[in-house]
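Quick notes on the structure that follows.
These figures come from a predicted structure and were not determined experimentally.
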Amino acid sequence: MSSVLTDLCRYPIVQAPMAGGASGPQLAAAVSEAGGLGFLAAGYKTADGMYHEIEQARALTGRPFGVNLFMPQPALADPSAVEVYRHQLAGEAAWYEISLGDPDDGGADDGYEAKLAILLDDPVPVVSFTFGCPTRDTLDALAGVGSYTVVTVTTPEEAQAAQWAGADAVCAQGVEAGGHQSTHRDDPLTDGTGIGLLSLVAQVRETVELPIVATGGLMRGSQIAAVLGAGAAAAQLGTAFLVCPESGASPLHKQALTNPLFAGTTLTRAFSGRPARGLVNRFVREHGPYAPAAYPQVHHLTAGLRKAAAKAGDAQGMALWAGQGHRMAREVSAGRLVGLLAEELEAARAAMSTGSTQ
């Protein structure tokens with residue numbers, strides 16, 4: 001690992017920030033206490049809500065942890081396409097006996113400036129970004145208060161933009177990753193063209209000189225060894241931590257990850273209007289093909305549906321975000337999982353070393 005990352009965590013294991021409630025203070029603190037780097041997800045929270053979670057995490061651990069921010073989104077959505085999708089979902093609303101959400105509720109900036117102001121006034125060790133790259137002024141300001149900055153990228157070109165802007169590191173997200181693809185620009189013409197993790201890490205390594213955190217479908221220490229061997233400085237795992245007791249994911253979501261009823265994952269715009277990988281369920285099959293490129297408008301539109309499905313215990317109507325390795329999830333504590341991953345990583349490294357000397 002780079003010297004800065006070594007100072008932040010004992011093992012090259014980062015817990016992914018999973019917006020929507022899964023990555024709370026309990027999970028982040030448990031991972032950091034075990035020698036990994038825990039993360040809070042500020043996405044979809046108010047600035048005050050983010051600060052409250054930071055204070056909770058600080059009360060639970062003295063180890064470094066990070067906070068992830070969503071970048072403001074450009075106004076690219078076609079209101080007429082959103083309205084057509086609203087009509088498409090009318091039957092769902094009637095079934096759950098709720099009203100669909102207001103597509104413009106909460107705006108498109110996710111409270112970015114207010115959250116950034118808090119992080120500059122009361123810094124955390126690491127700040128990462130999703131859905132775009134901050135300005136050089138922003139990254140310089142965070143560096144000035146001692147925060148290590150990481151920009152999530154999905155292509156070598158995005159990594160280059162992050163380096164030019166002054167990021168300390170990039171998080172290379174392969175197409176295998178669960179949840180939203182962190183493309184800097186959501187272009188429907190590029191749907192289905194995502195790059196696999198190992199190929200992406202290699203390409204990013206040849207494009208920029210920044211440390212790389214690799215993420216996407218990683219569930220075992222042997223996979224961490226593979227991305228480190230490809231040039232990454234650390235590995236970031238989300239789905240692997242989703243089933244831990246410290247995770248804030250719903251019981252239905254946790255159970256679905258290893259339920260053979262859900263045969264696999266796909267990238268869909270059905271729930272948010274942006275490509276996101278989740279388990280294939282009824283909602284994805286019925287509405288995914290018709291969902292417009294309209295984030296966060298579709299996210300706001302379906303918010304009530306997702307909550308109603310969860311309340312009804314209906315996993316077929318929920319957004320069950322999951323990476324391609326979801327079947328390999330292990331229901332152990334977050335601290336134990338970090339330990340297992342570290343042991344597997346060491347065993348894989350030893351096997352590779354032995355093999356190279358034969």
**Prompt:** Would you say the side-chain atoms of Ser353 pair up with the backbone N or O of Arg349, donor to acceptor, closer than 3.5 Å?
**Reply:** no
**Item:** CZ on Phe283 to CG on Asp314, rounded to 0.5 Å
**Value:** 10.5 Å
**Item:** Check: Phe129 ring centroid to Phe70 ring centroid under 6.0 Å
**Value:** no
**Asked** Any sub-3.5 Å donor-acceptor pair from Thr135's side-chain atoms to Thr138's backbone N or O?
**Response** yes
**Message:** Just to verify, which of Gln181, Arg274, Arg269 counts as forming a side chain to side chain donor-acceptor pair (under 3.5 Å) with Asp186?
**Reply:** Arg269
**Message:** Quick check against the 3.5 Å criterion: does Lys45 have a side-chain atom that pairs as donor or acceptor with the backbone of Ala41?
**Reply:** yes
**Prompt:** Just by distance, with hydrogens left out, do Ser23 and Gln15 show a side-chain donor and acceptor under 3.5 Å apart?
**Reply:** yes
**Prompt:** Are a donor atom and an acceptor atom from the side chains of Glu92 and His287 found within less than 3.5 Å of each other?
**Reply:** yes
**Item:** Co-membership, hydrophobic cluster, residues Leu60 and Leu40, 4.5 Å side-chain
**Value:** no
In a table with atom names and distances, give each donor-acceptor pair under 3.5 Å that connects a side chain of residues 163-179 to protein atoms at least two apart or in another chain.
| unit_1 | atom_1 | unit_2 | atom_2 | d |
| --- | --- | --- | --- | --- |
| Gln163 | OE1 | Glu209 | N | 2.8 |
| Asp168 | OD2 | Thr149 | N | 2.9 |
| Asp168 | OD2 | Thr149 | OG1 | 3.2 |
| Gln173 | OE1 | Ser182 | N | 2.7 |
| Gln173 | NE2 | His180 | O | 2.9 |
| Glu176 | OE1 | Leu197 | N | 3.1 |
| Glu176 | OE2 | Leu197 | N | 3.1 |

**Message:** Using a 6.0 Å cut-off, check whether atom CD of Glu55 has over 12 heavy atoms from anything other than its own residue.
**Reply:** yes
**Prompt:** Any Lys/Arg nitrogen of Lys115 or Asp109 sitting under 4.0 Å from an Asp/Glu carboxylate oxygen of the other?
**Reply:** no
**Prompt:** So, the side chain of Asp110 versus the backbone of Tyr44: is there a donor-acceptor pair under 3.5 Å, distance only?
**Reply:** yes
**Message:** Would you say Ser80 and Asp78 are linked by a side-chain donor-acceptor pair, where the criterion is simply a distance under 3.5 Å?
**Reply:** yes
Ignoring hydrogens and angles, write down the donor-acceptor pairs under 3.5 Å from the side chains of residues 258-265, residues two or more places apart or on other chains.
| unit_1 | atom_1 | unit_2 | atom_2 | d |
| --- | --- | --- | --- | --- |
| Asn259 | OD1 | Leu261 | N | 2.9 |
| Thr265 | OG1 | Arg277 | NH1 | 3.1 |

**Fill in**
OG1 (Thr302) and CE (Met318) are apart, to the nearest 0.5 Å, by 12.5 Å
**Stepwise salt bridge (Lys or Arg N to Asp or Glu O under 4.0 Å) test for Asp102 and Arg86** = CA-CA 10 Å; Asp102 179 355; Arg86 172 187 285 277; 5.4 Å; no
**Message:** How long is the straight-line distance from CZ of Arg330 back to CG of Leu257, given to the nearest 0.5 Å?
**Reply:** 14.0 Å
**Item:** Any donor-acceptor N or O pair under 3.5 Å, side chains Gln160, Thr207
**Value:** no
**Prompt:** Which distance, rounded to the nearest 0.5 Å, do you find between the CD of Gln297 and the CD of Glu83?
**Reply:** 12.5 Å
**Asked** Heavy-atom count around Arg220 CZ within 6.0 Å, excluding the residue itself: above 12?
**Response** yes
**Prompt:** Taking a hydrophobic cluster as the set of Ile, Leu, Val, Met, Phe, Trp and Tyr residues connected by side-chain heavy atoms closer than 4.5 Å, whether directly or through intermediates, do Leu237 and Leu198 fall within one such cluster?
**Reply:** yes
**Item:** Pair Gln203-Ser199, side-chain donor/acceptor within less than 3.5 Å
**Value:** yes
**Prompt:** Looking at CG of Leu345 and CG of Leu341, how far apart are the two atoms once the value is rounded to the nearest 0.5 Å?
**Reply:** 8.5 Å
**Asked** What is the distance from atom CD of Gln88 to atom CG of Leu301, rounded to the nearest 0.5 Å?
**Response** 11.0 Å
**Request:** Sequence neighbours left out, what pairs pass ring pair (Phe, Tyr, Trp, His ring centres under 6.0 Å) with at least one residue falling in residues 73-128?
**Result:** none
